[in-house]
Asker: 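My structure is below; once you've seen it, I'll send some questions.
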Amino acid sequence: MMVNSTLNYFILGTYIQVGTLRYFYFMLTLMLYIVIVVVNVCVIVVICMNRSLHEPMYLFLCSLFVNELFGSTGLFPFLMVQILSDVHTVAAPLCFLQIFCLFTYANIELLNLAVMAYDRYLAICCPLQYNTRMTFNKVVTFISVLWFYSFVKFLITLSLNMRLTFCGNIINSLYCHNYLVVRLACSDTQVNNIYGLFGGVLTILVPLVPILFSYVRILKVCFSGSKQSRQKAVSTCSPHLASLLNFSFGCFFEIIQSRFDMSGEPTVLRIGLSLYFLIIQPLLNPIMFGLQMSKIRNTCKHVLCHKGFNCYRGLTG
């Protein structure tokens with residue numbers, strides 16, 4: 001991959017020298033990545049292997065968990081290499097690749113949560129029409145479109161970035177960030193800025209409209225319906241709302257940090273805010289949805305008990 005710039009690498013300026021503690025931080029990061037991979041893969045396998053879970057809601061969840069793996073893989077291996085390194089540099093092509101992975105991950109996450117909100121609206125507000133309005137083919141179409149749209153959208157961003165000429169190479173972040181990279185350019189960035197503004201509005205509005213529409217209708221049903229319908233709405237929507245709010249706050253923190261000078265704030269706080277939406281979300285979602293959704297929880301229990309019994313019988317037999 002050729003970069004239209006005199007620079008071959010960027011320097012990540014947020015890393016601090018921690019001496020031999022780097023090995024501790026490396027193991028901590030590795031363990032965190034392993035946990036994220038294991039819990040997401042486990043729930044994906046449970047959904048794929050059990051026909052009773054081949055319903056729209058669980059297929060959207062499966063797409064969400066695949067995206068958690070995608071986003072985590074775009075961050076953690078890179079982070080572990082940087083933790084062990086004495087010189088915190090990254091090749092320009094790898095930096096652009098990471099920007100593509102992380103920003104595509106964020107866009108897919110929001111769109112997936114928006115589609116899940118619409119799915120919950122149909123299930124709660126239109127239960128009799130749900131099976132005809134949310135068919136398997138429509139689920140596949142929704143998932144395919146949101147992934148394809150996100151990839152194309154950020155391929156355009158990537159192509160616009162790669163044509164720039166850079167006069168600086170220090171990125172004040174733990175990882176490659178689109179806004180911070182564009183700020184280093186000394187060539188004309190007007191097209192990047194216009195497309196960035198347009199893309200930012202799309203990133204917010206496209207998922208926000210179906211989310212607001214769905215939850216306004218769900219709230220109407222909750223206030224006008226029976227106690228049972230309210231309980232059903234709360235039980236099915238609470239993990240989705242928690243995931244949506246958690247991710248939104250994480251993205252908000254990262255946007256604020258990248259746009260404003262926070263050099264006066266403690267380094268630990270800046271690092272925590274920078275990594276929040278990339279670490280907590282992939283860890284929280286499979287655990288929260290797995291515990292809250294009774295079908296997934298019961299299927300996991302059944303699988304674990306069945307495997308445990310077979311292992312015990314194998315050892316004693």
Side-chain angles (χ1 to χ4, degrees), residues 39-40 42-68 107-150 204-248 281-282 284-303:
V39 294
N40 279 282
C42 283
V43 183
I44 290 169
V45 170
V46 166
I47 292 173
C48 292
M49 297 297 289
N50 290 270
R51 285 187 171 275
S52 62
L53 298 178
H54 291 181
E55 298 175 8
M57 177 172 61
Y58 301 107
L59 295 177
F60 289 133
L61 278 176
C62 198
S63 170
L64 190 72
F65 299 144
V66 170
N67 189 48
E68 308 302 359
N107 200 76
I108 292 171
E109 190 82 3
L110 286 172
L111 288 175
N112 212 126
L113 290 170
V115 173
M116 288 170 65
Y118 178 69
D119 174 70
R120 291 301 80 208
Y121 151 69
L122 290 180
I124 294 168
C125 301
C126 313
L128 299 179
Q129 304 168 24
Y130 179 74
N131 290 331
T132 56
R133 295 178 66 175
M134 189 59 76
T135 62
F136 178 79
N137 288 338
K138 286 184 179 178
V139 172
V140 172
T141 301
F142 274 126
I143 293 173
S144 301
V145 168
L146 70 89
W147 278 80
F148 180 75
Y149 163 76
S150 300
I204 295 170
L205 285 184
V206 170
L208 186 63
V209 170
I211 288 170
L212 289 178
F213 169 80
S214 300
Y215 275 104
V216 166
R217 299 299 294 270
I218 289 171
L219 282 173
K220 284 184 178 179
V221 170
C222 289
F223 285 121
S224 61
S226 63
K227 183 180 178 181
Q228 186 179 2
S229 64
R230 285 196 294 271
Q231 288 176 340
K232 180 185 176 184
V234 170
S235 64
T236 57
C237 294
S238 54
H240 177 267
L241 267 176
S243 176
L244 179 63
L245 291 173
N246 177 70
F247 189 71
S248 299
Q281 190 76 0
L284 177 71
N285 274 347
I287 296 173
M288 180 174 58
F289 281 106
L291 292 175
Q292 188 69 23
M293 299 292 186
S294 57
K295 276 193 174 183
I296 295 178
R297 186 175 65 247
N298 293 335
T299 304
C300 287
K301 283 182 182 178
H302 174 74
V303 171

Asker: Looking only at heavy atoms, which two atoms of K138 and T132 are closest? And how far apart?
Answerer: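 Scanning both residues completely, I find the closest heavy atoms to be NZ-O, 4.0 Å.
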
Asker: Compare all side-chain heavy atoms of F142 with those of D119 and state whether any distance is below 4.5 angstrom.
Answerer: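 With C-beta onward as the side chain, the pair stays apart.
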
Asker: Output all residues satisfying side chain to side chain contact (heavy atoms under 4.5 Å, CB included) with Y149, sequence neighbours left out; order by chain, then residue number.
Answerer: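 Y149 satisfies side chain to side chain contact (heavy atoms under 4.5 Å, CB included) with N107, L111, K153, L202, V206 only.
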
Asker: Name the residue from L244, N246, L245 that meets the side chain to side chain contact (heavy atoms under 4.5 Å, CB included) definition with S248.
Answerer: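 When side chain to side chain contact (heavy atoms under 4.5 Å, CB included) is applied between S248 and each of L244, N246, L245, only L244 qualifies.
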
Asker: Taking atom OH of Y58 and atom CZ of F289, what is their separation to the nearest 0.5 Å?
Answerer: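 Rounded to the nearest 0.5 Å, the OH-CZ separation comes out at 11.0 Å.
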
Asker: Would a distance-only check, ignoring hydrogens and angles, find a side-chain to backbone donor-acceptor pair under 3.5 Å from S243 to P239?
Answerer: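 Checking the backbone N and O of P239 against the side chain of S243, no donor-acceptor pair under 3.5 Å is found.
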
Asker: What are the two closest heavy atoms between S150 and L146, and how far apart are they?
Answerer: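 Looks like OG-O, 2.8 Å.
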
Asker: Examine distances only and state if a side-chain atom of H54 and a backbone atom of I47 form a donor-acceptor pair shorter than 3.5 Å.
Answerer: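 Yes.
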
Asker: Between N50 (side chain only) and V46 (backbone N and O only), is there a donor and an acceptor less than 3.5 Å apart?
Answerer: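 At least one qualifying donor-acceptor pair exists.
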
Asker: Hey, does P286 have a side-chain heavy atom less than 4.5 Å from the side chain of C42?
Answerer: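 Not in contact.
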
Asker: Please determine which of N137, N131, V139 meets the side chain to side chain contact (heavy atoms under 4.5 Å, CB included) test together with T135.
Answerer: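 That would be N137.
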
Asker: Taking only residues at least two apart or on different chains, which pairs with a member in residues 59-68 satisfy side chain to side chain donor-acceptor pair (under 3.5 Å)?
Answerer: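 Those involving residues 59-68 are S63-N112, S63-W147, N67-E109, E68-Y105, E68-N285.
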
Asker: For H240 and L113, work out which heavy atoms get closest and say how close.
Answerer: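 The answer is NE2-O, 2.6 Å.
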
Asker: Residues in ring-ring contact (aromatic ring centres under 6.0 Å, His included) with Y130, at least two apart?
Answerer: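 Applying ring-ring contact (aromatic ring centres under 6.0 Å, His included) to Y130 gives none.
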
Asker: So, S144 side chain and T141 main chain: donor-acceptor pair closer than 3.5 Å or not?
Answerer: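 No; judged by distance alone, with no hydrogens or angles, the pair does not exist.
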
Asker: Using every non-hydrogen atom in the two residues, find where C237 and I124 come nearest and quote the distance to one decimal.
Answerer: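 Closest approach of C237 to I124, heavy atoms only: SG-CD1, 3.7 Å.
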
Asker: Determine whether more than 12 heavy atoms belonging to other residues, nucleotides or ligands lie under 6.0 Å from atom CZ of F213.
Answerer: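 It does: F213 CZ has more than 12 such atoms within range.
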
Asker: Report yes if some heavy atom in the side chain of Y118 is under 4.5 Å from a heavy atom in the side chain of R133; otherwise report no.
Answerer: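 In short, these two side chains touch, coming nearer than 4.5 Å.
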
Asker: Any idea which heavy atoms bring P282 and N40 closest together, and the distance?
Answerer: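 Between these two residues, the closest heavy atoms are O-ND2, 3.0 Å.
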
Asker: What distance separates E55 CD from L53 CG, expressed to the nearest 0.5 Å?
Answerer: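 Going from CD on E55 over to CG on L53, the span is 7.0 Å.
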
Asker: Which heavy atom of P210 sits nearest to which heavy atom of A114, and what is that distance?
Answerer: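 Heavy atoms only, the tightest pair is CG-CB, 3.9 Å.
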
